[in-house]
Amino acid sequence: MHPRIIASVLGAVVAATGAAMLVPASLSYLVSDGYWVSFVLPAAAALLAGGALFALSRGRPSAYVSIRDVFLMVVLGWISVAAVGSLPFYLSGFMFPVEAFFNSMAGFTTTGVSTTEELPPSLLLWRSMSQWFGGIGIVVLFVAVAPLVGFGAAQLYSAEAATPLAERLTPRIRDTAKVLTYIYVSLTVVLTAALLVAGMGPFDAANHALTTVATGGYSTRPGSIAAFDSLAVELVLVAGMIFSGTNFALYFQAVRGRLGEALTNAEYLAYLALILFATAVMTASLYAFDYQQSPLMALRLALFQSASLMTGTGFSTADWDSWDPLSQALLIVLMGIGGCAGSTSGGIKVVRALLLTKNALQDAFRMVHPRAVTALKLGRKVLPERLRGSLLGFFFVYVATLVAGTLLMALHQVPLGAAFGSAFACLNITGTAPGAPGDPAFYAELPATAKLVLSLLMLLGRLELFTVLAILTPAFWRG
């Protein structure tokens, strides 16, 4: 391993986190909420410590960096950012250290779970910023730092943006990072403007744009989007969540004049079809089983929650925990599937669900026709056979991790339903689930060790399992 390179990357990331804290510190000073010191002190410490670590560990560029270096710097980078980002929550007096780390990890991984909703404006903005940076900012930062410390960004990008089908938008990874940044920032600006037109105030619009594009779901109101009671706001957010849950590569294709290719992408069509199907079924179910809902209100509620939970955003306009069992079951399925690969959403991703379904159907076909040769395709593209094993391996690890997380939560005497729901919500980085895991009070009352278990599940879900699990294996540490 190369400790110097790892230290350089960590120093840069920590310093960048400290610099970002100056934004909510300025807001706190302007609105006089009394918490600007809670940002200035950790910001100064992070800038000094991170800058010094970066400067002292820089040296002659290394010709080779192993995949172990890459995995370790990615995992340690996320943990460092969450640790530094937790300091304002702790220094403000709102949270104890482990609780602050839990909330910070929930922010940067875009999980969106919280132990409290009663926070001053500066801390609300910091939560939103942590989700926005966690959505793609940290990925871009890692890629930008890579050349400065003497190694290429390709491995780092692959470890950060783990997707089943690797896709470069440009020949150079650094240029790809720039394209993703332009797309991400443009979506944020457009969504902020749209929310202002829809009737939100500037502070609410900016915060909700940050957390929508990141598919994180933090809101400035304890009642989430239901507190605004605005159809215009809901429609803007539905569009924002669907766009944010789309593979960002499709936007690049559209801008380059390949709009037809982008709109006929197999994963994108399946993604939209799932949202429309769930919306239609839930609309009928809500109208049939809840006589207080008119057809239009049922459609409004079903569409918003389908888009919210499919993308892992987690906004809510209703207490869907009280909905009929069919609607709840559909929402749980959407949470597990998630949005498109190459987006900031959670879940196993639509492309994996689609290919696993195709593989299962082909296995059934080959039982009847043993000599048949069936190629695994995505649209018109024939995929390599080795991908079958990778898909099945990922799904097994996903299920095993979910089971292990449930058992660890049950070990803390959490009831089975809540143990599964909290593990499911954190692994899929949706931050909500039926029953107790949908309530911040549930997480606030958990013991510190349970919060750490859920923090690990968030990190596993954000980095799509293998990047984190790799460093936990004995083989990783053997020479």
Side-chain angles (χ1 to χ4, degrees), residues 17 20-36 38-39 85-86 88-89 92 94-95 103-138 184-230 232-241 243-245 304 307-308 311-317 344-345 429-432 440:
T17 306
M21 289 183 190
L22 297 177
V23 176
S26 301
L27 175 68
S28 177
Y29 184 78
L30 289 173
V31 301
S32 301
D33 67 5
Y35 296 101
W36 64 273
S38 301
F39 290 99
S86 69
F89 296 117
S92 63
F94 281 91
M95 302 173 189
N103 280 268
S104 181
M105 182 65 79
F108 282 104
T109 58
T110 73
T111 306
V113 70
S114 177
T115 58
T116 180
E117 296 296 332
E118 300 294 336
L119 293 171
S122 55
L123 285 172
L124 289 175
L125 178 60
W126 178 238
R127 288 199 320 174
S128 301
M129 288 178 60
S130 70
Q131 288 199 327
W132 193 82
F133 283 118
I136 199 172
I138 294 178
Y184 197 65
V185 172
S186 298
L187 283 174
T188 307
V189 171
V190 170
L191 187 56
T192 302
L195 288 172
L196 287 170
V197 172
M200 271 192 181
F203 181 75
D204 289 329
N207 277 269
H208 285 90
L210 292 172
T211 59
T212 300
V213 173
T215 61
Y218 277 143
S219 176
T220 56
R221 307 291 180 92
S224 191
I225 307 305
F228 296 94
D229 192 22
S230 168
V233 167
E234 292 171 25
L235 291 177
V236 169
L237 289 177
V238 165
M241 290 186 288
F243 284 133
S244 300
F304 189 91
S308 177
T311 59
T313 309
F315 285 142
S316 63
T317 55
T344 59
S345 59
I429 58 175
T430 57
T432 187

Verdict with reasoning, Val113 to Thr432, per side-chain contact (heavy atoms from CB on, under 4.5 Å): CA-CA 7 Å; Val113 70; Thr432 187; over 6 Å; no
From CA spacing to verdict: side-chain contact (heavy atoms from CB on, under 4.5 Å), Phe228, Glu234: CA-CA 9 Å; Phe228 296 94; Glu234 292 171 25; over 6 Å; no
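Side-chain atoms of Ile225 and Val233, non-hydrogen and from C-beta on, do get closer than 4.5 Å to each other. Using a 4.5 Å heavy-atom cutoff, the side chains of Trp132 and Tyr218 are not in contact. Contact of the Thr111 side chain with the Met105 side chain is not registered, since no non-hydrogen atoms from C-beta on lie closer than 4.5 Å. A heavy-atom distance below 4.5 Å is not found between the side chains of Trp36 and Leu27. Between Leu210 and Gln131 there is no side-chain heavy-atom pair separated by less than 4.5 Å. Considering only heavy atoms from C-beta on, Arg127 comes within 4.5 Å of Ser114 through its side chain. Side-chain contact between Thr317 and Ser224 is absent, with no heavy atoms from C-beta onward closer than 4.5 Å. By the 4.5 Å heavy-atom criterion applied to side chains, Leu195 and Asp204 are not counted as neighbours.
Taken to the nearest 0.5 Å, the OG1 atom of Thr211 stands 10.0 Å off from the CE atom of Met241. Distance check: Thr220 OG1 to Glu117 CD gives 10.0 Å after rounding to the nearest 0.5 Å. The CG atom of Leu237 sits 6.0 Å away from the CZ atom of Phe315 when rounded to the nearest 0.5 Å. A distance of 9.5 Å separates OG of Ser104 from CE of Met95, quoted to the nearest 0.5 Å. Here the CG atom belonging to Leu30 is positioned 11.0 Å from the OG atom belonging to Ser122, to the nearest 0.5 angstrom. Atoms CE and OG, from Met21 and Ser38 in turn, are 10.5 Å apart once rounded to the nearest 0.5 Å.
Crowding of Tyr29 atom OH: a count of heavy atoms from other residues, nucleotides or ligands under 6.0 Å not exceeding 12.
Aromatic ring centres of Tyr35 and Phe94: separated by under 6.0 Å.
Arg221 and Ala227 make their closest contact through CB-CB, 3.7 Å (heavy atoms, listed as atom of the first residue, atom of the second, distance). Pairing each heavy atom of Ala194 with each of Val236, the nearest pair is CB-CG1, 3.7 Å. Across every non-hydrogen atom of Ser230 and Ala198, the tightest pair is OG-O, 4.0 Å. The shortest heavy-atom contact between Phe203 and Pro121 is CZ-O, 3.5 Å. Nearest heavy atom pair, residue Ser130 against residue Gly107, reads OG-CA, 3.4 Å. When all heavy atoms of Ser244 and Gly240 are compared, the pair lying nearest together is OG-O, 2.7 Å.
For Ser92 (side chain) and Pro88 (main-chain N/O), a donor-acceptor pair under 3.5 Å exists by modelled atom type. A donor-acceptor pair under 3.5 Å links the side-chain atoms of Trp126 to the main chain of Gly85, judged by distance alone. Side chain of Thr311 to main chain of Ser308: a donor-acceptor pair is present (N/O by atom type, distance under 3.5 Å, no hydrogens or angles).
Just one of Val185, Thr192, Leu191 meets the side chain to side chain contact (heavy atoms under 4.5 Å, CB included) condition when paired with Val213; it is Leu191.
When only modelled atom types and interatomic distance are considered, Thr215 and Thr344 share a side-chain donor-acceptor pair under 3.5 Å. With 3.5 Å as the limit, one finds a donor-acceptor pair spanning the side chains of Asn103 and Thr115.
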